[in-house]
Amino acid sequence: MRHIAIIGSGPAGYYTAEAAIKQWGDDIRVDVFDRLPVPYGLIRTGVAPDHQTIKAVSRRYEKTALTDNVRFVGNIAIGQDISLADLQALYDAVIIATGAPHDRDLGIPGAELPGVIGSAAFVGWYNGHPNFADLDPDLSGRRAVVIGNGNVALDIARILSKTRREFEGSDITAHALDAIEGSKLDEIVILGRRGPHQIAMTPKELGELGELERAAPVVDPDDLPAVTDDDPLEPGQRKSVQWLRQFAANRVEKPLRISFDFFARPVSIVGKTRVEGVEVERTKITDGKLVGTGEFYMVPCHLVISAIGYRSAPIPGVPFDEKAGRFASDDGRIAVSPETGGLYAVGWARRGPTGTIGTNKPDGFAIIAKLAEDIASGAIGPEGKAGRPGFDALAAERKLDIVTFRDWQKIEEAEIAAARSGAPREKFTLVEEMIRAGR
Ligand code: NAP
C-alpha cells in the first residue's frame with residue numbers, strides 16, 4: 001500500500017487523484033488537503049459565476065472524491081496546522097497542487113493606492129472566497145480600468161457589466177450582485193500593452209461581450225492591422241481578432257461602454273488618497289517587440305483592477321522560481337529520496353497560470369506516471385509509511401478540526417437550500433459559517 005498527500009483540491013489536485021486511482025486501484029490511499037473547508041479551488045472561486053457549464057466539471061471531481069481510496073481533508077493548512085516535513089514523514093509522495101493564488105505585481109508607482117485591486121481579490125470577491133468576502137470595492141465612479149488582455153480581464157469586464165437579470169442561473173454571491181447592480185460605471189477601459197494580434201483572449205469569451213444587455217464593446221478601427229495580416233495567425237487567435245474587427249465595424253451604443261485601449265502600457269497610477277487615474281504610455285510593436293513611443297496620456301478612473309496573471313504561493317523549504325512565480329521543478333519533479341519520498345508540483349503550481357481547466361488532466365496523469373517511475377526505480381523507499389492512520393493520529397493529538405467530504409456535502413446542501421430563485425446556490429463566504437453548516 002502506498003500513500004499520497006495532495007495539497008490543494010482544485011482541478012490539478014482532483015485530476016491527479018483520479019490518475020492515482022487509475023494507476024494503482026486498491027493499492028493506493030490518497031488524501032486531498034485543502035486549507036478551506038470546501039473543495040474544488042479554482043472551480044469554486046476562480047471560474048466566473050456565469051460560466052456554470054465550466055463549473056459543472058466539479059461533478060467529475062466529486063466522483064473521484066467519493067471513491068473509497070480518496071479522502072478530502074478540508075480546513076487543514078499545510079505550513080500552519082501541519083508542516084510539509086510532517087506530511088513527508090507520513091506519505092510516500094506529496095504533490096503540490098496549490099495553483100497560483102497571488103497576483104503578479106504591477107510594479108509601477110501608485111499600485112498600492114486604495115482603489116487598485118488585483119484580479120485574485122476581485123474575482124475572489126464576486127465568487128465568495130472567504131479571504132476576499134469583505135473587499136467591498138468602490139463602484140461609485142463612472143470609469144474603471146482593467147489592466148491586461150487575457151481571459152481574466154474579460155471575465156472581470158463582463159461581470160462588472162451584467163444586469164441582475166443576466167446573472168440568473170449564476171452563483172455570483174449576493175454581496176457582489178447587489179454592489180454591481182448599484183454601480184455607477186458607464187465605461188470600463190481594458191488596457192492592453194500590446195496590440196490586437198497579441199491578445200490572450202479566447203473567441204468564445206470575446207463573443208460574450210457582444211451579447212450584453214446594457215454594455216457594448218468598443219474597438220478603435222485604427223488599432224487593427226490590415227485584414228491580410230491575420231492570415232498567419234493560429235485559427236483560434238484569428239477568430240478572436242475577428243471578434244475585435246466585428247466590434248470595431250459595428251459600433252453599438254449602450255449605457256456602458258467596454259473600451260479596448262490597445263498599445264497602452266500603464267506606467268503609474270496617480271491619486272492623492274485613492275486612485276484618480278492611470279498614466280499610460282502609447283506603445284508600438286517593432287520587430288515583434290514592445291517599445292514605448294514616449295507619448296503619455298492619462299485615463300481618469302475611480303477603480304483599477306489588474307488582471308496580468310498570477311503567482312504561486314511559496315512553501316518554506318520548497319525550491320521556488322521567483323522570476324516565473326511557480327515552484328522550481330524538473331517537469332513537476334521537485335525532489336525524490338528514499339527517506340522523504342517524492343515531492344512534486346502539478347497544474348499551475350508546476351507550469352504557471354496557463355491553459356484551460358482541462359489542461360490539468362494530462363498534467364495530473366503525467367505526474368502520476370513520474371511517481372510510478374520513481375517507485376519502480378527504488379528512488380522512493382519501500383512501502384511502510386504510516387499514511388492515513390498516521391495523519392489521523394497526528395490530527396487527533398493536535399486537535400485539528402478536519403472537514404470531511406461528508407461535511408462538505410452538508411455545506412453544499414445548505415448552500416443549495418439558501419439559493420435565491422433561479423440560482424444554483426448561495427455560497428457561504430465565511431469559514432466559520434461553512435464549518436457550522438458542515439457539522
Ligand atoms: P494571461 O492569459 O496570461 O493574460 C495576462 C495578460 O496580462 C496578458 O495580456 C499580458 O500581456 C498582460 N500583462 C502581463 N503583465 C502586464 C503588465 N505588467 N502590464 C500590462 N499588462 C500586462 O492571464 P489571465 O488572464 O490571468 O488568465 C490565466 C489563465 O486562465 C489563462 O490561461 C486563461 O486563458 C485562463 N482563463 C480561462 C478562462 C476561460 O476559458 N473562460 C477564463 C479565465 C482565465 P502580454 O501578453 O503583453 O504579456
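Worth knowing before you read on, the calculation uses all heavy atoms, side chains too, and leaves out hydrogens, waters and symmetry mates. Counting starts at 1 for both ligands and their atoms, in listed order.
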* Asked: Which word best sums up how the rings of H175 and W125 line up, parallel for under 30°, tilted for 30 to 60°, or perpendicular for over 60°?
  -> parallel
* **For R333 against Y344, the heavy-atom pair lying closest together** => CG-CE2, 3.7 Å
* To do: Within a distance under 4.0 Å of any heavy atom of Y310, pick out the atoms of ligand 1 and give their elements.
  =>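 Checking each atom against Y310, I get 26 (O).
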Specify the protein heavy atom at minimum distance from [atom]: its residue, its atom name, and the distance to 0.1 Å.
| atom | answer |
| --- | --- |
| atom 35 (C) of ligand 1 | G355 O, 3.7 Å |
| atom 30 (O) of ligand 1 | W348 CZ2, 3.6 Å |
| atom 6 (C) of ligand 1 | N149 N, 3.6 Å |
| atom 2 (O) of ligand 1 | A200 CB, 3.6 Å |
| atom 39 (C) of ligand 1 | E205 OE2, 3.7 Å |
| atom 23 (O) of ligand 1 | G309 CA, 4.1 Å |
| atom 12 (C) of ligand 1 | G148 CA, 4.0 Å |
| atom 4 (O) of ligand 1 | G150 CA, 3.6 Å |

What distance do [X] atom [atom1] and [Y] atom [atom2] have between them, rounded to the nearest 0.5 Å?
| X | Y | atom1 | atom2 | result |
| --- | --- | --- | --- | --- |
| E205 | R158 | CD | CZ | 7.0 Å |
| T356 | N151 | OG1 | CG | 10.5 Å |
| R60 | K63 | CZ | NZ | 8.5 Å |
| F122 | I159 | CZ | CD1 | 9.0 Å |

* Hey, does T356 sit under 4.0 Å from ligand 1 if you only count heavy atoms? -> no
* Please step through side-chain hydrogen bond (donor to acceptor under 3.5 Å, both in side chains) for the pair N127 and T45, ending with a clear verdict. => CA-CA 5 Å; N127 260 328; T45 58; over 6 Å; no
Which segment of [X] sits under 4.0 Å of ligand 1 when only heavy atoms are counted:
| X | answer |
| --- | --- |
| I147 | side chain |
| V47 | neither |
| A307 | backbone |
| T354 | backbone |

Could you work out, for [atom], the closest of [options] by heavy-atom distance?
| atom | options | result |
| --- | --- | --- |
| atom 10 (C) of ligand 1 | Q198, R193, R194, R158 | R193 |
| atom 31 (C) of ligand 1 | G358, P266, P353, A111 | P353 |
| atom 26 (O) of ligand 1 | V280, N151, V267, V152 | V152 |

* side-chain contact (heavy atoms from CB on, under 4.5 Å), paired with E426, selected from L177, T173, I416 ->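 Running side-chain contact (heavy atoms from CB on, under 4.5 Å) over L177, T173, I416 with E426 returns exactly one hit, T173.
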* Flag for Y310-D103: side-chain donor and acceptor within less than 3.5 Å -> no
* Do H197 and D229 get their side chains close enough for a donor-acceptor pair, meaning under 3.5 Å? ->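 No, D229 and H197 have no side-chain donor paired with an acceptor closer than 3.5 Å.
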* Is a salt bridge present between R165 and E213, judged by a nitrogen-to-oxygen distance below 4.0 Å? ->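 Salt bridge flag = yes for E213 with R165.
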* Polar contact flag for L106 and ligand 1 (N/O pairs, less than 3.5 Å) ->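 For ligand 1, there is no N or O atom that lies under 3.5 Å from one belonging to L106.
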* N or O contact, D155 vs ligand 1, cut-off under 3.5 Å -> no
* **Centroid separation Y15 to Y61 less than 6.0 Å** =>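 Under 6.0 Å, so yes.
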